[in-house]
Amino acid sequence: DMEKTFEYRICPNAFQRQIIAQTFGCSRWVYNHALGIRKVAYENQEKVPSINDCIKAIPKLKQDPETKWLKEADSMALQQSLRDLNKAYKNFYRTPGKVGFPKFKSKRTKQSYRTNSIRIIDDKHVKLPKLGIVKARISRTVEGRILSATIKQAASGKYFVTVCCADCQEMPLPTTDKVVGIDLGSRKLITTSTGEIVDNPKYYRATQKRLAKEQRKLSRKQGARKGEKQSNNYRKQKRRVAGVHEKVANQRKDFTHKMTTQLINENQVIVAESLKVKNMVRNHKLAKTITDAGWGEICRQLTYKADWYGRMFVQVDTFFPSSQICNVCGRQEPAVKDLREHWECGHCGTEHDRDINAAKNILAEGLKTIGWDTPESNACGENVSPATANAAAG
């Protein structure tokens, strides 16, 4: 069994929006309050209060006249906020070089809170603590056992609820003999070992003119300069700018999901190169193109979808010279380090398309790491296992 999350958009009324905003603030205050106490205790070399001590202190804070407004928030949300703080501490002490020390939360960053109780009434309504029945768009049926629900507000002003479920059943697809290697690029987003090409839609670049126009409008509003009080028009325009960014993100997410699902459905083994995107975006000339392509998200989706549907996703080493090796004779051409689309092998004379050749080499290297034989191509150009090719020939 596995865990899954389902995200739905909710449309709270004015009263419910007010309660959500109060819960955002109360959860943030409790988190910062407990973090402050822990930091002071640590600096004074005193015993740091445990997470259970912090949770037990919440009822006392609710009785305090200065913090009695905590009663208005969902009690489960306050406890989950402290558990998030405890998790942040554990992550820091586990990997102090990679994960930073917990920081105080700001109201200007992402707004969310998590609760333990949610009930989906029908395809248009959910029931949440303190909020009651809220209008929602339930696009998919929830699977398994519900663990928690996270209510969040996007920068565009929209509200969403994310339902985390456990004990979801696995859904293995019928076994197939097809295998494929993919070469990730900027202009050609994906080039497969069978010769198929998926062009990069470049959603961000297509929206740059509209985004620049909306940002110019934002810069003219009162509140754009440091120290100015933000006007209502500034907040409205800020949500419009966030809406443009949200649309680009949704377009890229939808495109990536459809493409990765197709690869998983059609192939038993998918092989790709392991790219260090974090290092690659340091090149300021390519950073925008690389981030717009979403290579990391493609690999992330292929990884978990392969686990869900009984497929194999293999990644070859970052420094494997896939573009320099001739897939026919296996000779490496060190001179082929530029970005020429076509090159000729100096040993066997085969002319190669750079990306298709790289995809074939990536496939061969990936299959070698898992102990599979290099596939053969059938009449349609599809990569299949040698046993299947021989059976078809016989």
Side-chain angles (χ1 to χ4, degrees), residues 3 5 10 12-96 99-120 126-134 136 145-155 157 159-166:
E3 292 187 2
T5 56
I10 57 175
N13 56 36
F15 176 70
Q16 291 168 339
R17 288 197 298 269
Q18 182 181 354
I19 296 177
I20 291 174
Q22 289 174 342
T23 309
F24 286 157
C26 292
S27 300
R28 182 175 61 250
W29 187 90
V30 168
Y31 182 98
N32 292 339
H33 177 71
L35 177 57
I37 292 175
R38 282 191 162 194
K39 287 189 73 172
V40 171
Y42 179 78
E43 291 170 359
N44 296 334
Q45 297 182 349
E46 299 174 355
K47 183 181 178 181
V48 177
S50 66
I51 183 64
N52 290 330
D53 294 335
C54 296
I55 291 176
K56 290 177 182 178
I58 293 178
K60 297 178 182 178
L61 291 171
K62 290 181 178 180
Q63 300 301 324
D64 191 329
E66 295 184 359
T67 55
K68 61 181 181 180
W69 36 266
L70 289 173
K71 296 179 181 178
E72 301 172 2
D74 179 9
S75 59
M76 288 295 177
L78 303 182
Q79 294 181 23
Q80 293 290 359
S81 180
L82 293 176
R83 291 191 179 95
D84 290 341
L85 173 62
N86 191 54
K87 185 178 180 181
Y89 264 96
K90 287 183 177 179
N91 290 339
F92 169 71
Y93 286 117
R94 187 180 297 116
T95 53
V99 180
F101 191 80
K103 297 180 181 179
F104 291 98
K105 287 190 175 182
S106 170
K107 65 173 67 175
R108 293 177 179 82
T109 55
K110 183 180 69 173
Q111 302 294 309
S112 67
Y113 71 87
R114 191 166 76 255
T115 184
N116 288 0
S117 179
I118 180 175
R119 187 160 65 90
I120 297 177
V126 297
K127 189 174 183 180
L128 294 165
K130 291 286 185 177
L131 301 179
I133 298 175
V134 186
R145 175 172 53 90
I146 296 177
L147 294 177
S148 64
T150 302
I151 292 86
K152 61 182 180 181
Q153 183 182 17
Y159 292 88
F160 299 89
V161 59
T162 303
V163 184
C164 181
C165 302

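Numbers for residues simply follow the sequence, beginning at 1.
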How many angstroms lie between atom [atom1] of [X] and atom [atom2] of [Y], to the nearest 0.5 angstrom?
X	Y	atom1	atom2	value
Arg38	Leu85	CZ	CG	5.5 Å
Leu128	Ile133	CG	CD1	10.5 Å
Leu82	Ile51	CG	CD1	4.5 Å
Asn86	Ser50	CG	OG	8.5 Å
Lys130	Ile151	NZ	CD1	13.5 Å
Ser75	Leu70	OG	CG	11.0 Å

4.5 Å side-chain heavy-atom contact, [X] and [Y]:
X	Y	answer
Lys152	Thr162	yes
Asn52	Cys54	no
Ile118	Ile146	yes

Kindly state each residue pair satisfying side-chain hydrogen bond (donor to acceptor under 3.5 Å, both in side chains) with at least one member in residues 58-70, sequence neighbours excluded.
-> none
My understanding is that only residues two or more places apart in sequence, or in another chain, count here; which of them pass side-chain contact (heavy atoms from CB on, under 4.5 Å) with [X]?
X	answer
Val40	Asn44
Thr109	Ser106
Ala166	Glu3, Arg145, Leu147

Here the salt bridge (Lys or Arg N to Asp or Glu O under 4.0 Å) pairs for residues 43-56, sequence neighbours left out, are none
Determine which pairs satisfy salt bridge (Lys or Arg N to Asp or Glu O under 4.0 Å) with at least one residue from residues 76-95, sequence neighbours left out, and list them in order.
-> Asp84-Arg114
Contact list for residues 37-66, test ring pair (Phe, Tyr, Trp, His ring centres under 6.0 Å), sequence neighbours left out = none
Listed partners of Phe160 passing ring pair (Phe, Tyr, Trp, His ring centres under 6.0 Å), at least two apart | none
Contacts of Arg17 meeting salt bridge (Lys or Arg N to Asp or Glu O under 4.0 Å) (sequence neighbours excluded), chain-then-number -> none
Cut-off 3.5 Å, no hydrogens considered: what does the side-chain donor-acceptor table look like for residues 20-35, sequence neighbours left out?
unit_1	atom_1	unit_2	atom_2	d
Gln22	NE2	Glu72	OE1	3.3
Thr23	OG1	Ile19	O	2.8
Ser27	OG	Thr23	O	2.9
Arg28	NH1	Gln111	OE1	3.0
Asn32	OD1	Lys105	N	2.8
Asn32	ND2	Arg28	O	3.4
Asn32	ND2	Lys105	O	3.1

Crowding at CZ, Phe15 (>12 non-hydrogen neighbours, <6.0 Å) | no
Identify, with sequence neighbours excluded, every residue that meets side-chain hydrogen bond (donor to acceptor under 3.5 Å, both in side chains) alongside Asn116.
-> Gln80
Sequence-distant partners of Gln153, side-chain hydrogen bond (donor to acceptor under 3.5 Å, both in side chains), two or more places apart = Tyr159
Please lay out, stage by stage, how Val163 and Thr5 fare under the test side-chain contact (heavy atoms from CB on, under 4.5 Å).
-> CA-CA 5 Å; Val163 184; Thr5 56; over 6 Å; no
At their closest point, which heavy atom of Pro102 faces which heavy atom of Phe92, and how far apart are they?
-> CD-CB, 4.3 Å
